[in-house]
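Only one structure is covered here, and it is reproduced in the block below.
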Amino acid sequence: AAPSKIGIDVLIGTGLRSVKLGFTEIKVYLLGLYIDPVSCQESLAQYEASDHNSLLCQPTFYSDFSSGLFRKTFRISFCRTIGRDKLIKGFGDPLRSRCDAAHMADAEKMLSNIIPGSGVKEDDILFISCREDGKTVIVSFAEAATGEEKELLNIASGGEGGVWLAFQNIYFDEETLLPTIRHTATSDLPNVLVKQKEGGVKLSSSEEVVLPSEKEIEAAIELDLANAGNWQKAKTWSEYAGREASNGDSGYKFGDLTLGVATALRIRTPKAKSKGRSIDEKSTDGATEAVRLQKELFELRNMTEIVQASRDESQAEMIRANALLAECRQSLPFKVVSCLVMSEIITHIITILTGVSPSNLSVGKILLCLLGGGIVWTMEKKEEDKVKLKKI
């Protein structure tokens with residue numbers, strides 16, 4: 001678990017980075033986000049009266065948070081042994097895509113120093129501190145075996161395309177691949193911001209900030225939900241689904257996602273639009289609707305995986321059955337039984353048509369068996385010849 005404080009910096013949220021492999025969740029690392037409370041209060045004063053759901057609904061919040069000139073420290077505690085190359089690739093592509101050409105050398109320098117040469121082991125901790133000057137990034141590493149923290153990098157790379165902002169945006173911009181961490185890493189931020197309002201006295205850097213207990217994050221859902229916060233900006237759920245809002249409630253109802261897709265594909269004609277809600281009403285339940293949508297998509301994803309696994313299993317069974325059948329066809333007993341069955345069928349037909357007793361057709365049965373065997377052998381010989389010709 002992440003400690004509640006690092007020096008004077010306080011923990012405002014955690015997030016689990018995990019990888020989904022079939023039905024198994026593989027934990028990669030636990031991220032804890034720490035901020036300097038006093039500088040944060042000054043930088044984000046406009047959000048002091050907002051709860052977490054309200055923060056998520058404000059389109060400028062994450063941008064203001066990332067660009068805010070206060071210290072932010074990312075504490076990354078690894079859950080397993082991971083090689084250096086794998087980790088650099090995991091951080092590399094997201095970081096490079098957010099740096100401009102002028103700062104690409106800074107990005108490469110950070111990537112070459114961010115992970116020790118031997119990789120990481122379980123419970124090793126990586127600290128990435130984005131300083132309050134808006135350009136300095138300090139990277140340090142603490143091995144679980146010794147507990148000693150060692151500085152790996154101190155680099156100045158500020159500005160819009162610099163490393164200072166680019167690293168933060170890996171987790172907080174609208175294109176992030178880690179929407180769960182984006183949501184939970186700031187979950188306790190309102191408790192820090194509201195301290196300035198209570199009693200009308202600002203906190204000093206040496207004061208203890210008591211935060212609620214940490215929330216356990218079950219799994220980072222690797223879905224393309226980076227723009228989930230934007231769904232409520234343009235339309236309400238009733239408008240998106242093309243249905244009439246019942247009792248003035250235009251919030252999310254089960255099935256709205258399917259109806260909206262059907263409407264967009266012109267499979268159905270939407271009903272008359274209901275009167276839109278005010279901006280205040282939309283922002284009140286926006287985050288709640290986004291969470292509901294995530295749950296529905298998560299359930300749909302699980303159902304899809306179950307169907308996929310069932311289909312794969314069925315295909316595997318069919319392949320095994322076909323292989324067994326092909327093996328049986330090549331066996332001598334199968335050929336003999338096939339010939340006997342053919343002779344019995346033909347004998348029965350002759351008996352019905354001519355009235356001759358089956359006992360008088362014993363010799364005929366033998367001849368039919370031999371004839372059937374000859375036909376089977378001839379067909380197999382032709383197939384073998386075809387295969388040989390194709391190879392030639």
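Nothing fancy with the numbering, it's 1 onward along the sequence.
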Can you classify the ring geometry of Phe172 versus Tyr62 as parallel (below 30°), tilted (30 to 60°) or perpendicular (above 60°)? parallel
Tell me if a side-chain donor or acceptor on Arg98 pairs with a main-chain N or O of Asn169 at a distance below 3.5 Å. yes
Over all atoms of both residues, closest heavy-atom pair of Glu151 and Asn154: OE2-CB, 3.5 Å
Between Lys89 and Asp93, does the salt bridge (Lys or Arg N to Asp or Glu O under 4.0 Å) criterion hold? Intermediate values first, please. CA-CA 6 Å; Lys89 180 174 177 56; Asp93 294 340; 3.7 Å; yes
Gap between atom CD1 of Ile128 and atom CH2 of Trp164 - 0.5 Å precision: 14.5 Å
Within this structure, what is the OG-CG distance for the pair Ser129 and Asp36, rounded to the nearest 0.5 Å? 10.0 Å
Show the nearest heavy-atom pair for residues Ala166 and Cys99, with the distance to one decimal. CB-SG, 3.6 Å
Looking only at side-chain N and O atoms, does Thr186 offer a donor or acceptor that is under 3.5 Å from a partner on Tyr171? no
Could you tell me whether Glu149 atom CD has more than 12 heavy atoms of other residues or ligands within 6.0 Å of it? yes
Following the transitive rule for hydrophobic clusters with a side-chain heavy-atom cut-off under 4.5 Å over Ile, Leu, Val, Met, Phe, Trp and Tyr, establish whether Phe91 and Ile138 coincide in one cluster. no
Taking the six-membered ring of Phe74 as reference, does the NZ or CZ atom of Lys72 fall below 6.0 Å from its centre and within a 45° cone about the axis? no
With Phe78, the side chain to side chain contact (heavy atoms under 4.5 Å, CB included) member among Leu87, Ile125, Asp123, Leu30: Leu87
Take Ser54 and Asp51 through the side-chain hydrogen bond (donor to acceptor under 3.5 Å, both in side chains) test and state the conclusion after the steps. CA-CA 5 Å; Ser54 299; Asp51 60 18; 2.7 Å; yes
Tell me the closest heavy-atom pair linking Leu111 and Ile88, and the distance in Å. O-CD1, 3.6 Å
